Amino acid sequence: MSFHGIEYSPEMVANATTVADDGMPSIFNFPGGNPMLFYIAPDEPLRNEYVHKITNYGGVIADTEPRPSNQIILLSSYHLGHRLAYKFLFVDDSIEQGAVQNLDNYRFGYEGEADDATNHAYEAIKAVGSSPGRTVRNGRITHRFNKVKDDYILKQVRMHPKYRNSHKFFDDLANHPQLEGHTGNSIRSRFRTHLEPKLDWVYKTASDGSLIKDEHGQLIRDTLDNLPKTLKNRFTAEEDYELCQAIVDFNRARFFGAADEHGIVRDETGKPKEFDLYGQLTVPISFFSTLAKTNPMHTPNSWRDRYRKFVSRYGAKKYIDYYDKVTASGGVPEPIKGDSPSTAKAIKQLIGLNYRKDTQSALDEEISQLKSSNIDLAIIAQSQIAPEPLVKFIDRGATLESLISNAFFQVPQEEVEPRITEILESCSQDDISVLIEKLKATGFEPNFTAHIVMATNGDVAKMQEYVHEFLQRMNTQAIADPYELAQISRNGIWTPETDAMLCSGNPADIKRLQQTHDHDEIKRRGNFLKLIGVSVP
DNA sequence: GAGCACACCCACACACCAC
DNA sequence: GGTGGTGTGTGGGTGTGCT
């Protein structure tokens, strides 16, 4: 039996401990995949441990003692006098490095020349050690990382710490011959999952990412405490708070800058105007340049984008309220998030399940769903079921009692809004039915909650805005017509009338809408209406 | 079944451009 | 200069198939 010039005697192979195919990397292989043979004396105290290690990594334990005619490597924990033996450390180091090491470095003090057979084996070992670490199994090529490649990746990251998360950086690394065969994704993944914990230092770099050298031209090691920031930096809750504060302050200064000698600001008709902290607060572009000077962690463009896409949607004062409330209770506030997918999903789910122009059919469907999901509960509950809310506006002629129950008036007035805000925020990850139930407990009837969801596209921030405005109206206006009281029209909050304008497609109507709603909100409303089956041009 | 290599996803930070 | 639109690719993952 002959493989690539290495003679395996029938005796050797028959008695050999076979290679375990347990998914471990094949380290102790000759080029071509043939396993290396090792001999460990039966009385060797470390025999079991190293048999396990060697076979786990692709080697074979032969029962035949090494002879000049075979290429079996004798391993021992001590010097065997005249016999050529190698230390177990060879096995450990090869496994740790992920590739066969130079066997010569592990030889016990043997004075003579290795015979031809051993030299042959060693040459093969050297070849394996310098291979790129490619493993061929069942005709499939995989590229394994090893110590050399890992060190190279770590070195590159240490030299470019600013780019340590960059996809592009790792894509570029994939073109380096040292990492041939690996994709950028693969190298990036290797770094993130295995190597990042080992990155205990980096080379010192300037803010532009260039390496800094000492007076001898040597690169300077730096601790991770001084790790440069990456290309993009997530906005923190503190930064959002700072931005919101700055926006509120700017608007307040601008508003009261227009006050008369009595400190009163008046509208075009001469009526005193109030500073609406919860309204749409705007800032000029120069605001962001100024902000970036005092808060250089983000560029003016980034601050502006943050405002455009998050703060203006959520509401600056609303976030300040949220932040203060959470920190006051010892919690950790979260940065402003975009539309929560779970909320959007929940709304979609609700709309998909419940929205029908025909109230009765929707109700029938809900009851049948209840029955199918939990028939006992459904039967018990059925007698108590009032018509379940749909995502729809309240009807003209709605009474105050149909919107708000007695439970509402049991809650101290100053606690109503905080309580509702808390419910809205806590339900952002839940199904809408949970929201309906919770709001019902505070006195909001299900059809009123459905109205609020309909008016706000189910957007939590807008729902808070709606509730704030509604409660203010309750406190300050005579409630002649509850229907009118509930019609709130402002940016991102809709009424049947504004919907009709949007659906008309009439340019004059759209122009009128644009006086109240910004482009994003109009687009969002169009998508929402389409979702619930309303035709929008 | 676990570990690994690799593919793929998605929100959003940052930038740039046109008007 | 202000504003809206949009492209790029980072940051932070999850999914999949192989060993």
Side-chain angles (χ1 to χ4, degrees), chain A residues 19-27 29 33 56-58 95 98 132-147 149-150 153 157 160-174 179-196 209 227-237 239-240 243 250 254 280 282-292 295-314 334-345 491 514 517-524:
Chain A
V19 182
D21 188 15
D22 60 358
M24 304 297 276
S26 292
I27 293 171
N29 274 0
N56 264 353
Y57 287 89
I95 292 171
R134 188 177 59 183
T135 305
V136 182
R137 283 193 179 180
N138 302 326
R140 186 180 180 276
I141 299 172
T142 58
H143 298 87
R144 292 250 155 205
F145 287 100
N146 56 33
K147 181 76 165 57
K149 291 177 182 178
D150 285 351
I153 297 166
V157 173
H160 308 92
K162 186 184 172 78
Y163 301 96
R164 62 190 177 277
N165 287 329
S166 160
H167 290 238
K168 201 167 182 301
F169 169 68
F170 288 101
D171 283 344
D172 290 344
L173 271 192
L179 297 168
E180 193 184 350
H182 295 279
T183 63
N185 268 325
S186 169
I187 300 166
R188 183 169 179 265
S189 168
R190 177 72 182 176
F191 174 70
R192 284 165 59 83
T193 54
H194 295 92
L195 305 179
E196 200 159 19
L227 205 56
K229 64 175 190 175
T230 51
L231 297 173
K232 292 181 181 178
N233 296 281
R234 302 255 144 185
F235 279 88
T236 63
E239 287 164 0
D240 277 341
L243 175 60
F250 181 92
R254 186 169 57 186
Q280 191 71 12
T282 60
V283 286
I285 200 161
S286 56
F287 169 88
F288 301 105
S289 306
T290 312
L291 189 67
N295 300 279
M297 60 291 260
H298 298 283
T299 63
N301 273 333
S302 302
W303 282 113
R304 176 177 171 244
D305 218 38
R306 189 70 184 167
Y307 161 73
R308 282 200 300 173
K309 292 175 182 164
F310 297 90
V311 174
S312 68
R313 290 248 322 109
Y314 189 94
E334 288 191 14
I336 302 173
K337 294 270 195 308
D339 287 337
S340 158
S342 55
T343 307
K345 197 174 156 192
N491 188 31
Q514 286 169 340
H517 302 274
D518 64 31
H519 177 269
D520 279 352
E521 291 298 349
I522 292 173
K523 205 169 153 188
R524 192 168 288 117

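In the text below, chain A, chain B and the rest are named by the order of the sequence lines, each starting its count at 1. Since the model is a prediction, treat every value here as computed from it, not as a measurement.
- Atoms CG (A:Asn295) and P (B:dA13) sit 15 Å apart, rounded to a whole Å.
- To the nearest angstrom, P of C:dC18 lies 14 Å from CZ of A:Arg144.
- One distance of note links CZ of A:Arg306 with CG of A:Leu291; it measures 12.5 Å at 0.5 Å rounding.
- Between the side chain of A:Lys168 and the backbone N or O of A:Tyr163 there is no donor-acceptor pair closer than 3.5 Å.
- One distance of note links CD1 of A:Ile153 with CG of A:Leu195; it measures 5.5 Å at 0.5 Å rounding.
- Of the possible polar contacts, one joining the A:Arg188 side chain to the A:Asn165 backbone as a donor-acceptor pair under 3.5 Å is found.
- When the side-chain nitrogen and oxygen atoms of A:His182 are compared with OP1 and OP2 of B:dA5, none of them lie within a distance under 4.0 Å.
- Regarding contacts with the backbone of B:dA5, a side-chain N or O of A:Arg190 is found under 4.0 angstrom from either OP1 or OP2.
- Stem list for DNA chain C (at least 3 consecutive Watson-Crick or G-U pairs, distances under 3.5 Å): B:2-19 with C:2-19.
- Aromatic ring pairs are classed by plane angle as parallel below 30°, tilted from 30° to 60° and perpendicular above 60°; the pair A:Phe250 and A:Phe287 is perpendicular.
- Taking the side chain of A:Arg234 as heavy atoms from C-beta on, and the options B:dC12, B:dC14, B:dC4, the nearest nucleotide is B:dC12.
- For the pair A:Asn146 CG and B:dA5 C1', the computed distance is 14 Å after rounding to whole Å.
- Residue contacts for A:Gly181: at a heavy-atom cut-off of 4.0 Å it reaches the sugar-phosphate backbone alone, with no base atom in range.
- Nearest to the side chain of A:Leu231, among C:dG9, C:dG11, B:dA13, sits C:dG11.
- A tilted orientation is assigned to the rings of A:Tyr307 and A:Phe288, their planes being inclined by 30° to 60°.
- Here A:Ser189 does not reach the OP1 or OP2 of B:dC4: none of its side-chain N or O atoms lies under 4.0 Å away.
- Closest non-hydrogen pair, A:Lys229 versus A:Asn233, comes out as CD-ND2, 3.3 Å.
- Within residues 296-303 of chain A, the residues that place at least one heavy atom under 4.0 Å from DNA chain B are, in residue-number order, A:His298, A:Thr299, A:Asn301, A:Ser302.
- Within the 4.5 Å cutoff, side-chain heavy atoms of A:Phe235 are placed close to those of A:Trp303.
- Counting to the nearest Å, the C1' atom of C:dG11 and the CD atom of A:Glu196 are 11 Å from each other.
- Here B:dA7 presents its C1' atom at 14 Å from CZ of A:Arg192, a figure rounded to the nearest Å.
- Picking from C:dT10, B:dA13, B:dC4 the nucleotide with the shortest atom distance to the side chain of A:Lys168 gives C:dT10.
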Report each atom pair, protein N/O against N/O of nucleotides 1-3 of chain C, whose distance is under 3.5 angstrom.
unit_1: C:dG2; atom_1: OP2; unit_2: A:Ser286; atom_2: N; d: 3.4

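- A:Tyr163 places its OH atom 11 Å from the P atom of C:dG11, with the value rounded to the nearest Å.
- Side-chain N/O atoms of A:Thr230 include none lying less than 4.0 angstrom from OP1 or OP2 on C:dT10.
- In this structure, the CG atom of A:Asn165 is 15 Å from the C1' atom of B:dA11, given to the nearest Å.
- The nucleotide whose nearest atom lies closest to any side-chain atom of A:Lys309 is, among C:dT10, C:dG12, C:dT6, C:dT6.
- Contact annotation: the side chain of A:Asp240 never approaches that of A:Phe310 to less than 4.5 Å [non-hydrogen atoms, C-beta and beyond].
- Taking side-chain N and O atoms only, A:Asn185 has no distance below 4.0 Å to OP1 or OP2 of B:dC8.
- When each of A:Ile336 and A:His194 is assigned the nucleotide of DNA chain B with its nearest heavy atom, A:His194 is the one assigned upstream, toward the 5' end.
- A:Ser312 places a side-chain N or O within 3.5 Å of a backbone atom of A:Arg308 that can act as its donor or acceptor partner.
- Counting heavy atoms from C-beta on, the side chains of A:Asp305 and A:His298 never come closer than 4.5 Å.
- The base of C:dG12 sits within donor-acceptor range of the side chain of A:Arg188, with an N or O pair under 3.5 Å.
- When the P atom of B:dC12 is taken as reference, atom CZ of A:Arg313 falls 12 Å away, rounded to whole Å.
- Between atom NE2 of residue A:His182 and atom CZ of residue A:Phe145 there is a gap of 4.0 Å, rounded to the nearest 0.5 Å.
- In this structure, A:Arg304 and A:Ile285 have side chains that are in contact, with non-hydrogen atoms separated by less than 4.5 Å.
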